[in-house]
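Okay, structure first, notes after.
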Amino acid sequence: MKAVILAAGEGTRMRPLTVSRPKVMLPLANRPMLEHVVQACIQAGIREFVMVTGYREETVKAHFGSGSKWGVHIDYVKQDKQLGTAHAIGCARKFVNGRFIQLNGDMLVDPLHLEKLMKHNEAAVISVKDVDNPSEFGVVVTEDHKVVRIIEKPLDSPARTVNAGIYLFNDIIFEYIDRTQPSPRHEYEITDSMQMMVNDGIHVGFEPLTHAWLDVGRPWDMLDANKALLEKIKPSCEGTVEPMVTLHGDVVIGEGSIIRNGAYIIGPVVIGKNCDIGPNCFIRPSTSIGNNVHIGNAVEVKNCVIMDGTKIGHLTYIGDSVVGYNCNFGAGTKIANLRHDGKNIKSIIKGKRVDTGRRKLGVIMGDDVHTGINTSINVGVVIENGGNTKPGEVLMQ
């Protein structure tokens with residue numbers, strides 16, 4: 001069986017992190033999130049893949065190539081314009097024969113769920129999950145062990161069961177994709193294709209998600225996904241750890257990295273290759289540190305995604321933040337991550353201020369950002385690629 005993975009979109013809600021790469025190539029636990037999807041499929045027994053690419057597709061192809069590194073085969077097809085999920089799946093038809101799994105490249109899924117999904121025999125099967133906020137998703141109404149209705153983000157939801165965006169199809173789906181009309185948002189939706197199947201009396205099944213599932217749609221979702229992945233790591237050390245370093249819990253240290261005296265690290269933490277950590281720094285749980293990162297004296301980092309090439313100078317605090325590639329923190333930079341009143345933190349997505357649902361959130365920082373010494377950054381601030389701050393500057397939303 002093949003897996004068709006949708007990886008064509010930019011992920012505009014993830015900006016500025018996606019200016020130079022598609023969302024699916026953003027790192028979680030020091031690997032692109034798309035790689036975690038591929039690994040889950042491999043663990044479920046899948047060895048053939050079709051990746052539907054588009055925005056910055058060269059980054060996907062450069063990383064995965066033919067798939068031989070993972071012992072699999074990958075075909076690529078480009079979706080020139082992102083016209084919706086049905087259109088994207090339709091692009092893969094020449095590579096698909098018979099049944100196939102379809103999932104998105106920006107989610108975390110357990111291989112055990114994929115194994116259960118592949119045991120179904122219906123023409124189409126949708127993965128579903130019960131949630132407390134169904135109006136934010138596509139709602140799936142079921143009856144007598146089959147799907148009877150799919151409603152996109154209803155204001156008054158008739159059920160708590162929502163579409164998790166993981167499907168099993170046979171190739172009859174392409175007939176219904178060809179019949180699908182644009183939705184009110186001018187996209188061809190795979191849920192509309194499946195509703196037509198239901199209307200024609202075709203049995204559309206469902207499989208409840210009882211294992212881990214995370215949809216990474218907003219920058220701060222990366223923190224939850226990163227935490228979930230780090231909880232599964234096994235400790236290893238391919239670098240150098242000096243005698244007066246303290247390591248607690250599961251810590252991964254990459255080749256060529258050095259952890260200097262006085263560093264105190266509480267896992268789960270993953271540190272990439274050729275990093276220079278310490279001396280006398282504090283790295284707290286759920287932090288991933290990319291390759292060629294420097295963390296200096298008297299720096300504290302907590303629950304962060306720090307991408308390759310970033311330099312964090314001495315006397316700096318970073319908490320609950322996502323930091324892009326090749327950033328440089330001037331000495332004394334401080335990032336706030338908690339409101340004094342304890343309320344949810346708001347941040348900016350596509351120019352609008354939104355409630356993140358989080359009590360703790362620091363900065364969302366694009367690539368190549370430089371902060372001046374003693375910069376103070378307030379909660380939920382977004383800094384665009386190439387941004388700079390002056391010494392002593394205070395950044396508010």
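- Considering CD of E57 and CE of M51, their distance stands at 12.0 Å, rounded to 0.5 Å.
- Shown here is R179, whose CZ atom has more than 12 heavy atoms of other residues, nucleotides or ligands within 6.0 Å.
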Candidate pair Y264 and N280, rule side-chain hydrogen bond (donor to acceptor under 3.5 Å, both in side chains), full reasoning: CA-CA 7 Å; Y264 199 106; N280 306 314; over 6 Å; no

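- With hydrogens and angles ignored, the 3.5 Å screen pairs a side-chain donor or acceptor of T310 with a backbone N or O of G324.
- Under 4.0 Å is where a charged nitrogen must lie from a carboxylate oxygen, and between K116 and D110 no such pair does.
- Using a 4.5 Å heavy-atom threshold, the side chains of V382 and S347 count as touching.
- Residues M194 and E189 fail the side-chain proximity criterion, which asks for heavy atoms closer than 4.5 Å.
- With respect to R358 and D224, a salt bridge is recorded, a charged nitrogen being found less than 4.0 Å from a carboxylate O.
- Other residues, nucleotides and ligands contribute only 12 or fewer heavy atoms inside 6.0 Å of the NZ atom of K227.
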ring-ring contact (aromatic ring centres under 6.0 Å, His included) evaluation trace for W70 with H36: CA-CA 12 Å; W70 294 269; H36 294 290; over 10 Å; no

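- Using a 4.0 Å cut-off between charged nitrogen and carboxylate oxygen, K146 and D144 do not count as a salt-bridge pair.
- Proximity of R31 to Q39: side-chain heavy atoms (C-beta onward) are separated by under 4.5 Å at one or more points.
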ring-ring contact (aromatic ring centres under 6.0 Å, His included) between F329 and H370, intermediate numbers included: CA-CA 6 Å; F329 287 73; H370 289 211; 9.7 Å; no

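- Between the side chain of N388 and the backbone N or O of G386, at least one donor-acceptor pair lies under 3.5 Å.
- At a threshold of 4.0 Å, the pair D276-K311 does not count as salt-bridged, since none of the basic side-chain nitrogens sits closer than that to a carboxylate oxygen.
- The shortest distance between side-chain heavy atoms of L103 and V37 falls below 4.5 Å.
- Using a 4.5 Å cut-off on side-chain heavy atoms (C-beta onward), V252 and I271 make no contact.
- Ion pairing between D250 and K234 fails under the 4.0 Å rule for side-chain N and carboxylate O.
- Between L17 and R15 the shortest side-chain heavy-atom distance does not fall below 4.5 Å.
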